[in-house]
Amino acid sequence: MAPVLVLWLAVCLSVTWAVDRGNFKTCDQSAFCKRQRALKPAESPYRALLETMELTNTRLTLQLINDNNKVRLLLELYRLQGNMTRVKINELKPLKPRYEVPDVLIREPPTEPLSLLSQDENGVVLSLGAESQRVIVSARPFRLDIMEGRDVLMSLNSRGLLAFEHLRMQEEEKVEDGMWEETFKSHSDSKPNGPSAVSLDFSLPGVEHVYGIPEHADTLRLKTTDNGDPYRLYNLDVFQYELYNPMALYGAVPVMLAHNAQRTTGIFWLNAAETWVDISSNTAGKTVFGKMLDYVQGSSETPQTDVRWISESGIIDVFIMLGPTPNDVFSQYASLTGTQSFPPLAAVGYHQCRWNYNDQEDVTSVDAGFDEHDIPYDYIWLDIEHTDGKRYFTWDPHKFATPKEMLQGLMDKKRKMVAIVDPHIKVDSNYKIHNEIRSRGFYIKNKDGGDYEGWCWPGSAGYPDFTRADMREWWASMFAYDQYEGSMENLYTWNDMNEPSVFNGPEVTMHKDAVHGAWEHRDVHNLYGFYVQMATAEGLIQRSGGVERPFVLTRAFFAGSQRYGAVWTGDNAAEWEHLKISIPMCLSLGLVGISFCGADVGGFFKSPSTELLVRWYQTGAYQPFFRAHAHLDTPRREPWLFGPENTALIREAVRQRYALLPYWYQQFYHAHRTGQPIMRPLWVEYPQDPATFALDDEFLIGRDLLVHPVTEEGARGVTAYLPGKGEVWFDVQTFQKHNGAQNLYIPVTMSSIPVFQRGGSIIPKKIRVRRASSCMMHDPYTLYVALNPQRTAEGKLYIDDGHTFNYEKKEFIHRRLSFTNNILSSVNLAPDAQFTTQSWIERIVILGASKPSTVTLKTADGKESQLEFDFDASMSVLTLRKPGMNAGVDWNVMLQ
């Protein structure tokens with residue numbers, strides 16, 4: 001590594017360990033944001049030219065004119081299948097084409113007919129079909145209102161903040177600062193196309209709670225931005241980010257959900273340029289007393305949230321998802337951008353990582369440590385130091401001289417490895433990957449037409465243009481076993497630094513005037529990480545001939561990234577507040593389709609106290625992606641290095657994860673099929689309970705497990721809100737029953753992880769935890785049947801081979817388990833599917849039960865047998881021992 005780079009990195013990585021805010025722009029320092037934000041709500045200069053309206057079976061088109069500059073826009077309005085409306089606004093005759101985001105939508109969304117209900121000189125009214133829904137297009141000033149009956153669901157341009165900076169030739173006279181050139185610190189942005197920002201406001205009557213637009217280190221419920229910066233969506237490598245602010249982080253999903261007790265709606269702003277989102281509310285800042293006073297005085301002001309989106313370039317292309325339920329919004333969004341990819345079962349297990357495991361001996365020794373301390377794990381990870389001089393797709397010839405031998409050693413134990421492959425490529429004429437990319441012309445270009453180069457881990461690096469399909473295809477081919485030397489089928493991939501991170505670039509990223517074919521980097525920036533993960537996942541699929549499911553972790557992401565793997569919350573710190581923030585950060589991602597989310601257990605920067613480390617394992621064990629990771633400069637922190645007591649606590653947390661793998665896997669299958677989040681806020685399942693709307697220190701996994709991790713230092717107890725009037729919840733450790741719709745104080749010790757099973761659910765577990773998930777493949781199940789007050793319960797059981805795409809060919813078992821009228825039964829949900837399992841049911845535990853006199857098992861062949869049982873009268877728990885039926889067949893168990 002060049003001495004200059006070493007010195008430079010030493011400065012950057014010095015142990016001050018806090019974000020340097022000066023490296024990142026505020027709205028005032030971002031010329032287009034400052035310009036757009038200077039526009040205040042007023043009468044819009046835009047008017048709809050009704051005489052230009054054309055209505056076909058699939059869409060309405062209409063010209064808008066800006067009365068100030070006479071520039072015309074084209075509005076397109078579509079009614080989409082599934083209760084959605086799409087609004088597109090572009091210049092009618094742009095100087096040159098404006099960027100429209102490709103590849104994010106899984107298909108061109110199918111439309112439904114729009115019909116004209118009425119029209120006069122003031123506007124038009126169109127029917128949206130169902131539920132007396134209609135769109136009102138007002139002409140002067142232009143605005144759109146979406147209504148249902150008498151209720152306005154959403155208004156567009158009601159505050160007159162539609163703005164569309166048309167492409168133009170550079171005028172000779174003085175222009176506003178930042179329109180044709182902009183500088184930030186020592187970096188200049190040449191802006192060859194001049195100003196091109198777009199903006200639009202949305203009003204949401206009756207709404208006080210909005211969520212989404214990740215990634216921000218902030219609360220689940222989004223805050224108003226009147227007194228500070230808007231929320232920023234611009235993928236950036238933020239070195240040890242600050243908490244509770246709207247600064248941009250590694251990923252950007254321009255999707256917001258709005259919720260009240262009557263309805264959930266969503267806004268998907270399909271634009272990949274730098275974007276800022278302003279939120280204001282007429283109830284913000286009002287105290288509970290103030291709201292009560294309004295009520296007593298009969299104040300008629302309806303709560304309303306106003307949202308304004310501002311993007312630097314591209315067009316306005318917005319999808320309005322009209323719900324009305326949270327699950328409707330999830331399926332609407334999934335129909336546009338796809339669902340969470342279905343990971344191999346092993347990827348749902350525990351991952352052990354640090355920057356860096358030093359060499360093959362170190363890997364072998366850590367692997368053996370897990371066996372010695374009886375802690376299961378599935379994947380061990382290698383960070384950048386495993387390569388030959390930060391050349392990805394290579395191995396350090398001294399430290400990792402025989403990678404296949406190392407991988408075979410892991411495979412013999414049914415374990416796997418993840419190695420990092422970043423998208424910055426060392427500029428070195430002796431490096432095959434670099435030479436291939438350069439000779440094929442696949443690098444992103446600088447504004448002068450040469451290959452763009454920036455500094456990253458290898459020193460001087462080129463950045464492949466992943467927006468090109470031919471480049472992605474070539475990249476995918478590099479994962480073939482004969483190309484990626486030393487790789488085997490149990491080696492998977494981690495894409496880091498893919499914002500992209502450019503150490504010497506503006507805001508530690510790429511210059512906006514870098515060139516991707518016909519487009520500037522400013523147009524495509526937030527898509528870069530999405531494309532890197534897409535190409536990598538495709539490579540892992542192709543290397544197996546399309547048979548094996550991939551596993552790829554990415555740091556940068558966009559809408560649609562859920563289709564390609566997992567995401568983590570980036571370079572967090574070993575602090576209690578960072579542990580707490582992992583919950584709302586993952587909840588926000590789940591709401592916008594990205595379910596496979598986790599945070600570095602223990603914190604990446606700094607060293608956790610033993611108490612914090614244990615609490616982080618206990619929290620991480622109940623989040624979808626479960627990986628420990630640590631910075632190069634931190635002391636080692638494998639789970640057994642903190643004394644036998646703490647090893648036992650961490651072991652117990654990890655073992656709880658493995659026992660619950662059947663339930664977790666079923667949740668991933670469900671997310672893959674429906675787009676519903678796995679880790680979800682309580683309001684998703686209790687949408688009419690306002691007590692749940694702002695909760696983000698507890699969460700549900702699926703519908704049936706409620707988790708309230710201990711995230712306070714020195715905690716002696718936590719207060720969990722158990723939702724659901726008339727419902728009951730069972731403590732999964734003690735089987736104690738608690739009523740819903742209450743705040744429950746739970747005393748805790750260091751071994752406590754407050755988790756509750758919903759009355760009315762059946763959860764499968766595998767209690768015999770082994771060293772890795774695939775060793776448990778044929779192990780038996782224990783069913784936990786938690787009865788509701790009506791004495792019924794329902795659950796599912798999903799089984800497949802755990803690693804291939806054969807489930808798409810109907811090779812799986814999917815069963816409904818239900819308890820009603822004192823009969824527990826297993827029924828086939830997929831009669832056309834074919835799969836067999838060696839697993840059987842070894843125990844059934846019924847919570848909230850009464851003592852039967854006899855228990856009879858009846859199998860599909862009509863045979864009946866009596867089952868042994870124990871009944872704990874003090875806790876109303878009935879345990880049926882060794883019923884012994886195969887998990888994949890029909891059976892009934894009758895309590896008499």
Side-chain angles (χ1 to χ4, degrees), residues 343-386 399-400 403 406-407 409-420 490-494 496 551-553 566 568-569 571-572 574 582 596 598-604 607-608 610 612-614 616-632 634-642 646-658 661 664 769-776:
L345 172 62
V348 187
Y350 171 64
H351 300 252
Q352 180 67 35
C353 184
R354 76 172 279 115
W355 176 23
N356 206 89
Y357 286 119
N358 301 322
D359 49 32
Q360 287 181 214
E361 290 67 36
D362 198 4
V363 169
T364 305
S365 144
V366 171
D367 175 68
F370 278 90
D371 293 334
E372 191 184 324
H373 297 93
D374 202 21
I375 301 171
Y377 89 96
D378 268 274
Y379 288 79
I380 189 163
W381 291 52
L382 296 179
D383 210 320
I384 52 178
E385 312 301 330
H386 83 276
K399 296 175 177 174
F400 294 92
M406 170 179 67
L407 287 164
L410 292 169
M411 193 181 280
D412 292 345
K413 292 183 173 181
K414 292 190 157 49
R415 287 178 178 148
K416 297 164 176 63
M417 175 172 270
V418 172
I420 200 164
N490 63 334
L491 181 68
Y492 296 81
T493 310
W494 171 18
D496 196 5
F551 171 74
V552 182
L553 179 73
W568 93 108
T569 62
D571 297 342
N572 61 0
S582 71
F596 206 174
D600 286 345
V601 169
F604 178 67
S607 290
T610 314
L612 175 57
L613 184 66
V614 168
W616 213 316
Y617 268 98
Q618 292 171 340
T619 304
Y622 287 91
Q623 291 176 346
F625 177 55
F626 183 23
R627 180 185 77 147
H629 186 36
H631 188 279
L632 190 68
T634 60
R636 293 289 282 250
R637 56 167 102 133
E638 284 72 41
W640 50 86
L641 297 176
F642 302 88
N646 293 304
T647 303
L649 291 168
I650 293 171
R651 178 192 300 118
E652 174 55 24
V654 178
R655 289 173 74 90
Q656 285 189 29
R657 170 61 162 231
Y658 276 77
L661 280 180
W664 276 108
V769 173
R770 303 185 192 274
R771 65 172 175 252
S773 60
S774 47
C775 301
M776 298 164 62

Practice problem: Please name all residues satisfying salt bridge (charged side-chain N to carboxylate O under 4.0 Å, His left out) with Arg627, sequence neighbours left out, ordered by chain then number. | Solution: Asp600
Quiz item: Taking C-beta and beyond as the side chain, do Ser774 and Leu345 meet within less than 4.5 Å on heavy atoms?
Solution: no
Self-check item: Shortest non-hydrogen contact between Phe551 and Ala347, atoms and distance
Solution: CD1-CB, 3.6 Å
Quiz prompt | Set of ring pair (Phe, Tyr, Trp, His ring centres under 6.0 Å) partners for His629, sequence neighbours left out | solution = Trp494, Phe604
Quiz prompt | Approximate separation, where rounding is to 0.5 Å, of Asp496 CG and Trp355 CH2 | solution = 9.5 Å
Practice problem: Report the residues that fulfil side chain to side chain donor-acceptor pair (under 3.5 Å) with Gln623, sequence neighbours left out, ordered by chain and then residue number. | Solution: Ser582
Quiz item: Between CD of Gln352 and CZ of Arg415, what distance do you get to the nearest 0.5 Å?
Solution: 11.0 Å
Quiz item: Would you call the rings of Tyr379 and Tyr492 parallel, tilted or perpendicular, where under 30° means parallel and over 60° means perpendicular?
Solution: perpendicular
Exercise. For this output row, return yes or no: ring centroids of Phe625 and Phe596 closer than 6.0 angstrom.
Key: yes
Self-check item: Listed partners of Tyr357 passing ring pair (Phe, Tyr, Trp, His ring centres under 6.0 Å), at least two apart
Solution: none
Quiz item: Looking at Pro639 and Thr647, what are the two nearest heavy atoms and their distance?
Solution: O-OG1, 3.5 Å
Quiz item: Hey, is the main chain of Asp383 close enough, under 3.5 Å, to the side chain of His386 for a donor-acceptor pair?
Solution: yes
Quiz prompt | Name of the residue among Asp359, Val363, Ile380 meeting side chain to side chain contact (heavy atoms under 4.5 Å, CB included) with Met406 | solution = Val363
Exercise. Starting at CD1 of Ile384, measure out to CD1 of Ile420 and round the result to the nearest 0.5 Å.
Key: 6.5 Å
Quiz item: If you take all heavy atoms of Glu638 and Arg354, which pair is closest and at what distance?
Solution: OE2-CD, 4.1 Å
Exercise. Would you indicate whether Lys413, at its atom NZ, is surrounded by more than 12 heavy atoms from other residues, nucleotides or ligands within a distance under 6.0 Å?
Key: yes
Quiz prompt | Where Leu407 and Asn490 come nearest, the two heavy atoms and their spacing | solution = O-ND2, 3.0 Å
Quiz item: Does the side chain of Asp374 come within less than 4.5 Å of Arg655's, by heavy atoms?
Solution: yes
Quiz item: If you round to the nearest 0.5 Å, how far is CG of Asp362 from CG of Asp367?
Solution: 11.0 Å
Quiz item: What distance separates Ser773 OG from Lys416 NZ, expressed to the nearest 0.5 Å?
Solution: 6.0 Å
Quiz item: Side chains of Val418 and Leu382: closer than 4.5 Å at any heavy-atom pair?
Solution: no
Exercise. Supply the atom-to-atom distance Arg770 CZ to Lys414 NZ, rounded to the nearest 0.5 angstrom.
Key: 11.0 Å
Exercise. Apply salt bridge (charged side-chain N to carboxylate O under 4.0 Å, His left out) to Arg637 and list each qualifying residue two or more places apart in sequence or on a separate chain.
Key: none
Practice problem: Evaluate the ring planes of Phe626 and Tyr350, with Trp represented by its six-membered ring, and classify them as parallel (under 30°), tilted (30 to 60°) or perpendicular (over 60°). | Solution: tilted
Quiz item: Is there side-chain contact between Leu613 and Thr610, with heavy atoms separated by less than 4.5 Å?
Solution: no
Quiz item: What are the two closest heavy atoms between Val654 and Pro376, and how far apart are they?
Solution: CG1-O, 3.5 Å
Quiz item: Do any N or O atoms from the side chain of Thr364 and from the backbone of Gln360 form a donor-acceptor pair under 3.5 angstrom?
Solution: yes
Quiz item: Considering all heavy atoms of both residues, which atom of Gly620 and which atom of Arg657 are nearest to each other, and what is their separation?
Solution: O-NH1, 3.8 Å
Quiz prompt | pair Arg771-Tyr377: side-chain heavy atoms closer than 4.5 Å | solution = no
Practice problem: Under the ring pair (Phe, Tyr, Trp, His ring centres under 6.0 Å) rule, collect the residues that match up with Tyr658, sequence neighbours excluded. | Solution: none
